[in-house]
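What follows is a single structure, written as structure tokens, with notes after it.
Lettering follows sequence order; numbering is per chain, from 1. Only this structure's heavy atoms are used, side chains among them; waters, hydrogens and symmetry mates stay out.
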2 protein chains.
Amino acid sequence: MLTNRQLLVLQVIIDDFIDSAHPVGSRAISKRKDITFSAATIRNVMADLEDMGFLEKTHSSSGRIPSEKGYRYYVDHVIAPSIQNGKLDIMQHIIQDEFIEMEKLVQKSAEVLSDLTSYTSIILGPEIYETKVKQLQIVPLSKQTAVAILVTDSGHVEHHSFTIPVEINASDLEKMVNILNERLQGVSLARLPEVLNTEVLSLMKIYVNDFEKAYDYLKSAFFSEQPTKLYIGGKTNILMQPEFKDVEKIRSFYSMMEDEDEVVNLLKNPQHGIRVSIGHENKLEAIQDFSLITASYQLGENQTGTIALLGPTRMEYRKVITLLNALSNEMTEALYLWYKNNG
Amino acid sequence: MLTNRQLLVLQVIIDDFIDSAHPVGSRAISKRKDITFSAATIRNVMADLEDMGFLEKTHSSSGRIPSEKGYRYYVDHVIAPSIQNGKLDIMQHIIQDEFIEMEKLVQKSAEVLSDLTSYTSIILGPEIYETKVKQLQIVPLSKQTAVAILVTDSGHVEHHSFTIPVEINASDLEKMVNILNERLQGVSLARLPEVLNTEVLSLMKIYVNDFEKAYDYLKSAFFSEQPTKLYIGGKTNILMQPEFKDVEKIRSFYSMMEDEDEVVNLLKNPQHGIRVSIGHENKLEAIQDFSLITASYQLGENQTGTIALLGPTRMEYRKVITLLNALSNEMTEALYLWYKNNG
DNA sequence: TGTTAGCACTCATAACAACCGAGTGCTAAT
DNA sequence: ATTAGCACTCGGTTGTTATGAGTGCTAACA
């Protein structure tokens with residue numbers, strides 16, 4: 001446990017460093033109004049904090065910078081207790097229209113978040129597996145092609161074009177759609193493959209000629225990955241940070257960001273609430289010079305989405321955590337209302 | 001007009017520089033097998049080429065690098081005549097499935113193109129204004145919300161969620177959809193606003209209560225910008241180029257790329273065929289250190305899309321132009337076949 | 001007259017020394 | 001326990017010098 005004085009010095013150093021990105025020296029600290037003791041004393045305190053692993057030097061006679069352990073302590077003991085679980089009305093920036101599509105809402109949130117912080121924001125849309133089929137439809141475009149359209153109760157629309165196999169005639173197609181609509185309505189996307197396999201297949205056997213081919217097509221149209229939607233805001237913000245001097249870092253950062261799977265994986269967050277990963281606490285090597293703050297939001301009963309901010313370890317933790325916390329609350333509420341109206 | 005020898009030297013310098021990114025000296029040139037004369041002679045030739053503005057020095061005793069005028073001459077007199085209007089079967093990399101949606105096709109093309117060249121590719125999807133309404137549908141989600149879905153004959157699907165105003169009841173909604181479907185089928189997206197305004201509005205007046213409100217909603221759902229789809233591949237490729245040493249350049253490049261309107265504007269190309277803009281020939285300041293090669297492709301009668309590659313002025317013009325030329329031909333052909341099947 | 005060898009000159013780049021100053025650790029005085 | 005004082009450290013900057021790739025020019029040559 002740290003003494004009050006030690007904590008104060010740690011805090012000052014971190015605040016200063018977050019602001020300036022330069023190592024902080026004892027004299028600079030002693031000049032502050034809230035510091036009543038001298039530079040020499042501060043040096044002693046700093047030496048102690050360094051021994052404990054909260055501070056580091058860039059070279060033997062430099063000022064101190066916070067270590068990752070230092071940030072961790074700061075976040076856990078200084079920031080976390082002071083965060084109140086409130087709201088900031090961020091949503092008013094995001095929702096302007098009376099009604100907004102869920103996907104647009106998420107996208108807009110990502111933009112606002114990155115504008116507000118000048119870090120890079122990443123938002124994982126709510127899982128759509130739990131949304132239920134509202135309507136399924138096949139629109140023929142020509143003799144050989146058609147579009148299959150699936151609408152869910154959340155307003156999500158999925159569509160695929162496909163060629164109609166010559167073996168299938170128009171009346172078969174119509175029958176098929178009828179069967180599908182009847183049987184699939186209200187089925188969640190997660191259960192779609194299962195239901196398709198059991199109930200629908202057997203029905204199709206009876207009513208549809210060449211049902212196997214038809215079934216194959218159907219499957220490929222709607223079983224294909226239902227990717228979790230990913231929105232990234234302010235990709236270039238990170239370039240403004242002074243820690244991005246060398247091109248190599250930029251390169252590895254951007255090539256990571258291009259790999260959607262990797263990013264999704266990064267955010268998948270089993271735990272609720274705010275999570276802070278500082279530097280090497282991140283498993284992914286490409287962001288071990290960064291900190292990642294994630295917060296989850298809820299939609300309905302068991303659909304979860306994730307909001308995150310990615311910045312340098314020298315991050316404005318207080319601001320970011322407050323913001324993210326508020327936003328996740330507000331999003332959950334907004335989506336709850338929306339869900340209620342739609343249920 | 002350049003003498004053969006001058007042209008040869010210019011060509012060698014450009015080829016060398018494209019390859020190495022380093023200024024080319026007279027001794028290095030003289031070592032090549034196709035050069036029969038000495039370094040001193042080359043120096044004289046280089047001095048002449050510099051006087052004519054085709055070469056530059058980075059400092060008074062450096063080797064030469066091509067000027068933009070040099071590249072221009074090279075492209076016009078060396079590359080252009082040698083390009084034959086052929087195909088390279090690039091499409092086989094892109095189309096794997098029997099049938100592929102047009103949007104996916106364009107997206108995939110962007111990826112393949114950037115992989116093949118290690119530059120950044122930008123593709124403007126074909127204008128969808130000329131595609132025609134196939135079906136319009138409104139799927140109610142709840143009492144207050146619904147999704148409007150528009151399918152065009154090209155397989156393009158557009159959808160918008162909206163709240164149903166309390167003043168409109170279910171039967172009105174249905175009537176409206178019927179009217180819309182009847183009247184709008186076969187109408188091109190370009191003419192949609194017009195048709196909506198004239199024919200549909202008057203009909204709605206007769207059959208639908210509170211038609212004004214309904215009309216407003218409809219309008220906002222489908223009049224909203226139908227943005228030209230933009231696909232960018234290999235954004236990070238450009239970082240591999242040695243000319244990208246300083247972060248400032250990267251910054252300005254990426255912030256330009258984030259502004260979709262700007263990029264679209266850049267590509268909008270009245271002229272058909274291949275167009276090469278070298279360095280300051282580009283009007284947009286942010287890419288005046290780059291070269292942009294654009295080619296257009298056709299879909300149907302009068303829909304045009306654009307494919308482009310963005311790289312350093314020191315670009316592999318021969319390779320890129322050949323590639324882009326072939327791809328635009330192949331895309332036009334593929335889309336023609338597709339269009340024929342669907343028409 | 002076009003070509004070439006030779007040579008003095010230029011300039012970017014790297015390596016090295018000298019210096020400055022911000023900052024430390026330690027010691028002795030308060 | 002705190003602080004003033006002081007020697008020491010080390011990154012960053014500046015200035016100097018050496019190196020070498022490359023040029024322009026001149027004079028000799030075929």
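In this structure, the side chain of A:N282 engages the main chain of A:G279 through a donor-acceptor pair within 3.5 Å. B:R251 places a side-chain N or O within 3.5 Å of a backbone atom of A:L239 that can act as its donor or acceptor partner.
Using a 30° and 60° split on the angle between ring planes, B:Y317 and B:Y71 fall in the tilted class, from 30° to 60°. By the 30° and 60° cut-offs, the orientation of the rings of B:F253 relative to B:F244 is perpendicular.
Comparing C:dT4, D:dG5, D:dC10 against the side chain of A:S60 picks out D:dC10 as the nearest. If you check D:dC6, D:dT23, D:dT3 against the side chain of B:R43, the one that comes closest is D:dT23. The side chain of A:E50 approaches C:dG25 more closely than any other nucleotide in the set D:dG24, D:dT3, C:dG25. The A:H59 side chain lies nearest to D:dG11 when the options are C:dA5, C:dT24, D:dG11. Listed candidates were D:dT3, D:dG11, C:dG25. Nearest to the side chain of A:A40 is D:dT3.
Straight-line distance from the CG atom of B:D51 to the C1' atom of D:dT23: 14 Å, rounded to whole Å. Taking atom CD of A:Q6 as the reference point, atom C1' of D:dA1 lies 14 Å away to the nearest angstrom. Atom CG of A:L55 and atom C1' of C:dG23 are 14 Å apart (whole Å). The distance from atom CG of B:N44 to atom P of D:dC25 is 9 Å, rounded to the nearest whole Å. Protein atom NE2 of B:H22 is 13 Å distant from nucleotide atom P of D:dA21, rounded to whole Å. Computed from coordinates, the A:I42 CD1 to D:dT3 P distance equals 9 Å when rounded to whole Å. Remark: P of D:dC25 and CE of B:M46 are 13 Å apart, rounded to the nearest angstrom. Here D:dT2 presents its C1' atom at 17 Å from CD1 of A:I29, a figure rounded to the nearest Å.
Of the two residues contacting DNA chain C, namely A:S26 and B:S38, the nearest-nucleotide position lying further toward the 5' end is that of B:S38.
Put simply, the side chain of A:S61 and the base of C:dT24 share no donor and acceptor less than 3.5 Å apart. With hydrogens and angles ignored, no donor-acceptor pair under 3.5 angstrom links the side chain of A:R64 to the base of C:dG25.
The side chain of B:R27 places no N or O atom within less than 4.0 Å of a non-bridging phosphate oxygen (OP1 or OP2) of D:dT23. Proximity of B:R5 to the phosphate of C:dT3: a side-chain N or O atom is located under 4.0 Å from OP1 or OP2. Proximity of A:K57 to the phosphate of C:dA22: no side-chain N or O atom is located under 4.0 Å from OP1 or OP2.
Base contact: B:T41 has a heavy atom under 4.0 Å from a base atom.
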(request) For the pair A:F54 and A:Y74, evaluate ring pair (Phe, Tyr, Trp, His ring centres under 6.0 Å) and give the outcome as yes or no after the intermediate values. (result) CA-CA 9 Å; A:F54 294 113; A:Y74 175 78; over 10 Å; no
